[in-house]
Each structure stands twice: as structure tokens, then as C-alpha cells.
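Right, one structure below, let's go through it.
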Amino acid sequence: MTVLAFEIMTPTIKAVPQSWTMDRLARFLTDNEITGSPVTDEDGDIVGIVTLKDITEFRWNAHRSGADASLTSEEQEEARRLRMVIFQEMGKVPVEVRDIMTPSVLSVDEQTPVRDIADIMMREHLHRIFVTRDSKITGIITTYDMLKLISDTALTQRCTGND
């Protein structure tokens with residue numbers, strides 16, 4: 001018997017508004033011990049996903065640039081100085097979740113076999129994917145949820161029993 005999405009999904013989703021600041025998001029993710037969250041618009045519809053990686057990349061990119069390698073040492077120093085000025089100015093205007101989120105939302109139906117979900121997650125390099133029923137999000141499957149397939153003997157046998 002095939003294991004389906006609804007059997008391993010986490011039905012509770014902790015979404016964040018796209019208007020939250022990046023700092024508030026970081027506190028939320030830390031307080032809830034999660035690494036990512038769906039992003040909602042003013043109507044409560046999910047419009048994207050945001051992760052700790054998005055915060056890290058934003059901060060990292062404020063300080064680094066791959067283009068620096070082709071610059072002279074003086075130009076590199078000037079580029080670093082300009083980035084710091086820009087980053088400091090940006091700090092005066094809070095960065096919002098909408099500024100750093102990934103706007104695309106991938107999902108699978110509750111009846112999707114977990115093998116198909118694993119294929120999608122591997123192909124797209126995803127750590128989480130939404131689960132839907134009648135086009136409404138009912139849960140989320142994370143890499144942690146997928147690990148349940150290995151740690152739960154009954155689920156493992158159901159998955160391997162279909163070969």
C-alpha cells in the first residue's frame with residue numbers, strides 16, 4: 001500500500017505576513033525552532049516561502065560580491081566601503097519578508113505518493129513542500145517529515161513493499 005502525502009505531512013503551518021521585518025522573522029523562526037515558513041499576503045493567501053537561508057543570503061550579499069575579483073585592490077576597497085554605506089542606509093528602513101522571500105510556491109495534492117514527493121524535492125532541491133486539497137493548503141512536508149519514512153518501520157515496509 002502506497003504511503004501518501006497526508007499520512008506524513010505536518011498539518012499545522014506557521015505562516016508569517018509578508019510585511020514582517022526580517023528581524024521579526026528571525027525571532028519567530030528561532031522561537032518556533034523552525035527553519036522556514038510560508039508567507040501570506042493581507043488576505044491570508046500564501047504568496048511565497050521564506051527561510052533562514054534567505055536571511056543569511058541577504059546579510060551575506062550585503063558584505064560580499066563576486067565581481068570584486070576583477071577589481072584592483074583600491075577598487076575592491078571602495079566597493080566594500082560603498083556596500084557598507086548602502087547596507088547601513090538599508091538598515092534604517094526595515095527589510096520586510098516580501099523583500100527576501102521566494103515567491104514561487106510548489107505544492108502536491110494530499111493523495112500524492114511520497115515517492116513522487118521525494119523525486120520533486122530532490123529534483124528541485126527543496127527542504128519543504130506544501131500539501132493541498134482542492135487547491136487549499138492543508139499541510140507541509142519537510143525533510144524531517146520524509147525522515148519518518150525511514151524511522152517508522154511500518155511506513156518503511158509500505159514504501160518498499162510496492163517495488
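Follow the hydrophobic side-chain contacts under 4.5 Å out from Val16 and you reach Leu52 in the same cluster. Phe130 and Val47 sit in two unconnected hydrophobic clusters of ILVMFWY residues. Membership requires side-chain heavy atoms under 4.5 Å apart, directly or through other members. Ile140 and Met121 fall into different hydrophobic clusters, where Ile, Leu, Val, Met, Phe, Trp and Tyr residues are linked whenever their side-chain heavy atoms come under 4.5 Å apart, directly or through other members.
Within 6.0 Å of CG in Asp134 there are 12 or fewer heavy atoms belonging to other residues, nucleotides or ligands.
Using a 4.5 Å heavy-atom cutoff, the side chains of Cys159 and Val114 are in contact. At least one side-chain heavy atom of Phe28 sits under 4.5 Å from a side-chain heavy atom of Ile34.
When atom types are taken as modelled, the side chain of Thr40 and the backbone of Ile46 share no donor-acceptor pair closer than 3.5 angstrom.
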Check residues 105-112 and write down every donor-acceptor pair under 3.5 Å in which the side-chain atom is one partner and the other belongs to a residue at least two apart or another chain.
residue : atom : partner : partner atom : Å
Asp109  : OD2  : Gln111  : N            : 2.8
Glu110  : OE1  : Arg133  : NE           : 2.9
Glu110  : OE2  : Arg133  : NE           : 3.3
Glu110  : OE2  : Arg133  : NH2          : 3.1
Glu110  : OE2  : Thr138  : OG1          : 2.8
Thr112  : OG1  : Asp109  : N            : 3.2
Thr112  : OG1  : Asp109  : O            : 2.9

Output side-chain donor-acceptor pairs under 3.5 Å for residues 6-14, partner residues at least two apart or in another chain, one line each.
residue : atom : partner : partner atom : Å
Glu7    : OE1  : Arg158  : NH1          : 2.8
Glu7    : OE1  : Arg158  : NH2          : 2.9
Glu7    : OE2  : Leu4    : N            : 2.8
Glu7    : OE2  : Arg158  : NH2          : 3.0
Thr10   : OG1  : Asp145  : OD1          : 2.9
Thr10   : OG1  : Asp145  : OD2          : 3.1
Lys14   : NZ   : Asn32   : OD1          : 3.4

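Here the CG-OG1 distance, from Asp23 to Thr21, works out to 5.0 Å after rounding to the nearest 0.5 Å. We find the CE-CH2 distance between Met101 and Trp20 to be 14.5 Å, quoted to the nearest 0.5 Å. For the atom pair Leu126 CG and Ile120 CD1, the distance stands at 8.5 Å (nearest 0.5 Å). To the nearest 0.5 Å, atom CD1 of residue Ile150 and atom CG of residue Leu155 are 11.0 Å apart. Atoms CG and CG, on Asp54 and Leu25 in that order, are 8.5 Å from each other to the nearest 0.5 Å.
A search for side-chain hydrogen bond (donor to acceptor under 3.5 Å, both in side chains) contacts involving Thr35 returns Arg128, not counting sequence neighbours.
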Please determine whether side chain to side chain contact (heavy atoms under 4.5 Å, CB included) holds for the pair Asp99 and Glu96, giving the CA-CA distance in whole Å, both sets of side-chain angles, and the decisive distance to 0.1 Å. CA-CA 5 Å; Asp99 300 323; Glu96 293 183 344; 3.7 Å; yes

